[in-house]
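Inspection log for the structure reproduced underneath, given as structure tokens.
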There are 2 protein chains.
Amino acid sequence: MKKTESFLTAPPQRAKYEALAGILKALAHPTRLFMVDQLARGGPRCVCELTEMVGADISTVSRHLALLKKEGLVAATKKGTMIYYQLRLPCVVNFLECLHSVLSSNIQDRLKLLS
Amino acid sequence: MKKTESFLTAPPQRAKYEALAGILKALAHPTRLFMVDQLARGGPRCVCELTEMVGADISTVSRHLALLKKEGLVAATKKGTMIYYQLRLPCVVNFLECLHSVLSSNIQDRLKLLS
DNA sequence: GACTTTTTTGGCTATTTGGCTAAATTTGCA
DNA sequence: TGCAAATTTAGCCAAATAGCCAAAAAAGTC
């Protein structure tokens, strides 16, 4: 008798969700999310500009950007010794809006609990 | 002389991105993403049903659900000894679609590199 | 080639996360 | 009350993540 197929034992389906989760993981960090948001609003920025905006060590910022790039969220372009990063897919912006709506809905619900 | 304000030194802005990243973090795990997707497609499910679908230990599934709930992505309803979880905000579905588009765009780009 | 600027990488430590087992809760029912 | 089923919580360990400093690469200029 065959045991019931589950998410964890179905490799192709599982691989799909692992890939999707990988993309989300790249976004799921305050600094990276901030940078993505900046790129969405202000267009391409070089590492040094982003470093200035973030206020962390440049090596840290570089690592964050490498991860975003690895997951296909940003693309890099060389200009002299500088490297400009830009957002790769526009839908990420709506994404952020939905996120905002989750957040404000959470806050509203918590407000309701008080009254 | 005032030093330039940065993301990391501007508490209110930073707190906002930390909150948003928290929501993303809750989604950024294969099992949790799978469960959210199941809830989006098939409506409310109890912990035991989700446990069956996922194929992990029920305590693990319970923890995942607790995190999703904490971040406001799902809501729980008691029915007898069972607890049904449901998706709280519809926009998360579009969210998943965008994610898919990032993924397929990544794959297409990798294909192009071969030709 | 030597020197400068920008970015990435290696190495290390501290923290967080994810999973399991086992124990505790909660709810329903005899 | 006492037992069974569903769910959550606690405790523990292994693996992944994030940060910094220092060193290496990459590109431009003299």
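Given the structure is predicted, the values throughout are model-derived calculations rather than measurements. Letters A, B, ... mirror the listed sequences (proteins, then strands); counts begin at 1.
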Non-neighbouring partners of B:Tyr17 that pass ring-ring contact (aromatic ring centres under 6.0 Å, His included), sequence neighbours left out:
A:Phe34, B:Phe7
So does A:His64 get a backbone contact from the side chain of A:Arg32, meaning a donor-acceptor N/O pair under 3.5 Å?
no
Under 3.5 Å, is there a donor-acceptor pair between the side chain of A:Thr51 and the main chain of A:Val47?
yes
Output yes when at least one side-chain N/O atom of B:His64 is less than 4.0 Å from OP1 or OP2 of C:dT17, else no.
no
Check whether any side-chain nitrogen or oxygen of A:Tyr85 sits under 4.0 Å from OP1 or OP2 of C:dT6, and answer yes or no.
no
Run the salt bridge (charged side-chain N to carboxylate O under 4.0 Å, His left out) test against A:Asp109 and tell me which residues pass, sequence neighbours left out.
B:Arg88
Restricting to salt bridge (charged side-chain N to carboxylate O under 4.0 Å, His left out), what partner residues turn up for B:Glu18, sequence neighbours left out?
B:Arg14
[X]: side-chain contact (heavy atoms from CB on, under 4.5 Å) partners, not counting sequence neighbours:
X       : answer
B:Ser62 : none
A:Ser6  : A:Leu8, A:Thr9
A:Leu96 : A:Leu33, A:Asp37
B:Glu49 : B:Arg45, B:Cys46, B:Met53, B:Tyr84

Nearest-Å distance, [atom1] ([X]) to [atom2] ([N])?
X       : N      : atom1 : atom2 : answer
A:Tyr84 : C:dT8  : OH    : P     : 13 Å
A:Arg14 : C:dG18 : CZ    : C1'   : 12 Å
A:Arg45 : C:dT6  : CZ    : P     : 16 Å
B:Ile83 : C:dT26 : CD1   : P     : 11 Å
B:Arg63 : C:dA23 : CZ    : C1'   : 13 Å

Mind running a 4.0 Å heavy-atom check of [range] against DNA chain D and sending the residues that fall below it, in number order?
range                     : answer
residues 19-41 of chain B : none
residues 65-78 of chain B : none
residues 47-61 of chain B : B:Val47, B:Cys48, B:Ile58, B:Ser59

Would you name the heavy atoms of B:Leu103 and A:Lys16 that are closest together and state the gap between them?
CD2-O, 4.4 Å
Which residue pairs pass the salt bridge (Lys or Arg N to Asp or Glu O under 4.0 Å) test when at least one of the two sits in residues 53-79 of chain B, sequence neighbours left out?
none
When you group the ILVMFWY residues by side-chain heavy-atom contacts below 4.5 Å and let the links chain together, are B:Leu27 and B:Leu67 in the same group?
no
Same cluster or not: B:Leu89 versus B:Val74, using hydrophobic residues (I, L, V, M, F, W, Y) connected whenever any side-chain heavy atoms lie under 4.5 Å apart?
yes
Taking 5' to 3' order, which nucleotide of DNA chain D is first and which is last to have an atom within less than 4.0 Å of a heavy atom in chain A?
D:dT17 to D:dG28
